[in-house]
A.B. asks: 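Structure in structure tokens, see below.
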Number of protein chains: 2
Amino acid sequence: MATIKDVAISAGVSLATVSRVVNNGPKVGEKTRQHVKKVMQELGYRPNANARALVTQKNAALGVVVAELRDPFFAMLAHGVETVARNNNVQILLSAGSIEERTELKAIETLMEYRVDAMVVHSKTLDDTTLINFAAQIPGFVLINRYIAQIANRCVWLDNVTGGRLMAEYALSQGHRQLAVISSDYHIDDPNERLEGIRQAIDAAGLKLDECMIGYASPDQEGGMQAMRNVLSASTDFSAVLAYNDAMAAGAMTLLQDRCIDVPKQVSVIGYDDVILAQYCRPKLTTLRYPIEAMAAKAAELAIHYAAGNQPQDNVTFKYTPTIVKRDSLVRR
Amino acid sequence: MATIKDVAISAGVSLATVSRVVNNGPKVGEKTRQHVKKVMQELGYRPNANARALVTQKNAALGVVVAELRDPFFAMLAHGVETVARNNNVQILLSAGSIEERTELKAIETLMEYRVDAMVVHSKTLDDTTLINFAAQIPGFVLINRYIAQIANRCVWLDNVTGGRLMAEYALSQGHRQLAVISSDYHIDDPNERLEGIRQAIDAAGLKLDECMIGYASPDQEGGMQAMRNVLSASTDFSAVLAYNDAMAAGAMTLLQDRCIDVPKQVSVIGYDDVILAQYCRPKLTTLRYPIEAMAAKAAELAIHYAAGNQPQDNVTFKYTPTIVKRDSLVRR
DNA sequence: TTGTATGCGTTATCAT
DNA sequence: ATGATAACGCATACAA
């Protein structure tokens, strides 16, 4: 593959001149510029991004760490980042790491080896200290979907407590008095936060959420069925189900329907996230919109901005609040 | 960030020795090896992947080009590649390019600038010549979801004609005599190939597929509704709908249901791809399984294998055939 | 406006 | 077993 040197020789100019042309640098005669460009064309010259990153001490790429690409949620996240990357003419270096501490760590470390200084990270398993450390080393380190007070200005996150509260309040406002909850058994903050919000709303309404009305399982369709089964075996005395996410909600609906319990006539269901599936399943899912794509875009912009040398402001953070999307799975009782 | 030089000085050894330790090279005393490792730890040393790629003339990363991450299909593709990448301890460089010629080209070019020599490319818009050219330049260039005779041994693709034939044959075998088709209006080969297979099966059964029974629209849910609407306005004389993909199938089902046409009692629907949505929508979608994840994994392995210097064999190609997945959206008539 | 020279962090070759 | 040194391709400070 042709190098800058080849171009220089072939064009009869110096390395420096070619370099200037490549980078649209100033101080180069229009005539030579055209000539050099032509030679570049002929030789099929492409700048070596590695050499460039080495000498400039910065990598133009934008690093992204996600847990699991297959999950539509992360796909949307990646897409949000991708849009911004393209607009900024920046390449994405993507590292998927599954929800395991080891691989998540490794994903970030690999990105560091490429010296990417802009990075959007989705990490649920690494502890605060580790993340704060990374932030100290990488100027454009931005967390998505997580809040850490010490680096609040690098966090783009969703207010899950409010989200939980909203979904419960909405169900209550529609006349439901007996609520069941199906939650995730992953040991991360999100389920707890959403649950806390739900409890707040129920308490505020002067009602009680019995422990046996909460089912825990993996946060997917299968888990939704499982958790729903568990709750049903304890009690059938509820008119609405609040799910941890849309996948669980869909699973719960499937199970209810399999048992000839009509959704939403007999039991209403509400999801969380508003992934594509929410529009596809029957009945269409009433859910909480998690604006992950917009958030991801924001995170990417932030990462690029910080990496460019702009100092993060103090006392800011990027909090988003979910909103109710009314569809067909929850009706007034 | 600490360099190999810093480590060498701090450890009181030469650059070469440190380099050997880093790369687990031979010929280095166990004592010094331990010592150097310790210093590396202390200094938080991380090899610079850019410098490494520069001097070795090869990038350990695996490049991936996809059209649109948000699409669950590509998400699965990416996931298949990702699994292999992780097993081979290789980083993914992902370039999403949307289905436009310009961006697809740019995606590949950017990857080339990083000198990645293993590359899994999903391209529908670039012409054969361009792709063959890339293949000539990049040892580990592998196409997924496309077949080009001249570089057959670098193609991992699906037999879409057979796929189309299978879906039609299945519908026919279930007693359906009047078939409607909703297809994609994108100008790529896939829709035509699938349509051709469908025609083959219908011809073989001694039946005819009238042009007005084919609706064209964008290959998503919205398009599925649109195409279904078009067909319905021309004729209601069909008992089964063959869709270009699951998203269109889901859209078609929605429209039918909105018009109080029961699926599958009155009209059966069959999809293509078997993305997650096929299991979520109601009724669950009978569809053709497109083993994209396995294919992507294969492509990634191939790319890494070729990039490592192994010559592609002559006279081989990697063809996959879809299989029917029977669920609830198609019933015997 | 153009050219020369230096160094970025590594690997690899050749000595020792 | 270890060290000195020359590339790798490029950007840039400095000279001309």
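First the proteins, then the strands, lettered A, B, ... as listed; each starts at 1.
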A.B. asks: Using a heavy-atom cut-off of 4.0 Å across all strands, would you classify A:Val55 as base, sugar-phosphate, or nothing?
C.D. replies: base

A.B. asks: To the side chain of B:Thr32, which of C:dC8, D:dT2, D:dC10 is closest?
C.D. replies: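 It is D:dT2.
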
A.B. asks: Determine whether any donor atom in the side chain of A:Arg46 lies under 3.5 Å from an acceptor atom in the base of D:dG9, or the reverse, and answer yes or no.
C.D. replies: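 A donor-acceptor contact between them is absent.
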
A.B. asks: Using a 4.0 Å heavy-atom cut-off, does B:Val22 contact any base of the nucleic acid, only the sugar-phosphate backbone, or nothing at all?
C.D. replies: nothing

A.B. asks: For residues B:Phe73 and B:Tyr290, establish whether the separation of their ring centroids is below 6.0 Å.
C.D. replies: yes

A.B. asks: Using a 4.5 Å cut-off on heavy atoms from C-beta on, say whether the side chain of A:Asn48 contacts that of B:Leu54.
C.D. replies: yes

A.B. asks: Which nucleotide in the list D:dT12, D:dT5, C:dT2 gets nearest to the side chain of A:Val28?
C.D. replies: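 My answer, after comparing the listed nucleotides, is C:dT2.
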
A.B. asks: For A:Met40 and D:dG9, what is the distance between atoms CE and C1' respectively, to the nearest whole Å?
C.D. replies: 15 Å

A.B. asks: Assign each of A:Ile4 and B:Gly29 to its nearest nucleotide of DNA chain D by heavy atoms, then name whichever residue's nucleotide is nearer the 5' end.
C.D. replies: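 Mapping each residue to its closest nucleotide by heavy atoms, the 5'-most match is B:Gly29.
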
A.B. asks: Please give, in whole Å, the distance from C:dT11 P to B:Lys5 NZ?
C.D. replies: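 So the NZ-P distance, B:Lys5 to C:dT11, works out to 16 Å.
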
A.B. asks: Closest to the A:Arg52 side chain: C:dG9, D:dA11, D:dG3?
C.D. replies: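 Nucleotide nearest to A:Arg52's side chain: D:dA11.
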
A.B. asks: Does the side chain of A:Met1 reach to within under 4.5 Å of the side chain of B:Gln137, using non-hydrogen atoms?
C.D. replies: yes

A.B. asks: Regarding B:Asn23, tell me which of base, sugar-phosphate or nothing describes its non-hydrogen contacts under 4.0 Å with the strands shown.
C.D. replies: sugar-phosphate

A.B. asks: Atom CG of B:Asn59 and atom P of C:dT10: how far apart are they, to the nearest Å?
C.D. replies: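 These atoms are roughly 15 Å apart.
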
A.B. asks: How many whole angstroms separate atom CG of B:Leu43 from atom P of C:dG9?
C.D. replies: 13 Å

A.B. asks: Could you tell me how far apart A:Gln57 (CD) and C:dG7 (C1') are, to the nearest whole angstrom?
C.D. replies: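 To the nearest whole Å, that distance equals 10 Å.
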
A.B. asks: How long is the line joining OH of A:Tyr114 and P of C:dT10, in whole Å?
C.D. replies: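 Between P of C:dT10 and OH of A:Tyr114: 13 Å.
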
A.B. asks: Considering all heavy atoms of both residues, which atom of B:Ile144 and which atom of B:Ala296 are nearest to each other, and what is their separation?
C.D. replies: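 Between these two residues, the closest heavy atoms are CD1-CA, 3.4 Å.
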
A.B. asks: Would you kindly give the NZ-to-C1' distance between A:Lys31 and C:dT1, to the nearest whole Å?
C.D. replies: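 Rounding to the nearest Å, NZ of A:Lys31 and C1' of C:dT1 are 13 Å apart.
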
A.B. asks: In whole angstrom, what separates A:His35's NE2 from C:dT2's P?
C.D. replies: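 After rounding, the gap between these two atoms is 11 Å.
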
A.B. asks: Looking at every strand, decide which applies to A:Thr56 at a 4.0 Å heavy-atom threshold: base, sugar-phosphate, or nothing.
C.D. replies: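 It contacts sugar-phosphate atoms only.
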
A.B. asks: Taking atom types as they are modelled, would you say the side chain of A:Arg20 forms a donor-acceptor pair with the base of C:dG3 within the 3.5 Å cutoff?
C.D. replies: yes

A.B. asks: Closer than 3.5 angstrom, by distance alone: can the side chain of A:Gln91 be matched with the main-chain N or O of B:Leu94 as a donor-acceptor pair?
C.D. replies: yes

A.B. asks: If you find the nucleotide of DNA chain D closest to A:Ala16 and the one closest to A:Ala51, which residue's nucleotide is nearer the 5' end?
C.D. replies: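 Per heavy-atom nearest nucleotide, the more 5' residue is A:Ala51.
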
A.B. asks: Taking the minimum atom-to-atom distance to the side chain of B:Ser14, which one of D:dT2, D:dG9, D:dA11 wins?
C.D. replies: D:dT2

A.B. asks: Looking at A:Tyr114 and B:Asn50, what are the two nearest heavy atoms and their distance?
C.D. replies: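 Between these two residues, the closest heavy atoms are O-OD1, 3.0 Å.
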
A.B. asks: Quick one: on DNA chain C, does A:Thr17 or B:Asn48 contact a more 5' nucleotide (nearest heavy atom)?
C.D. replies: A:Thr17

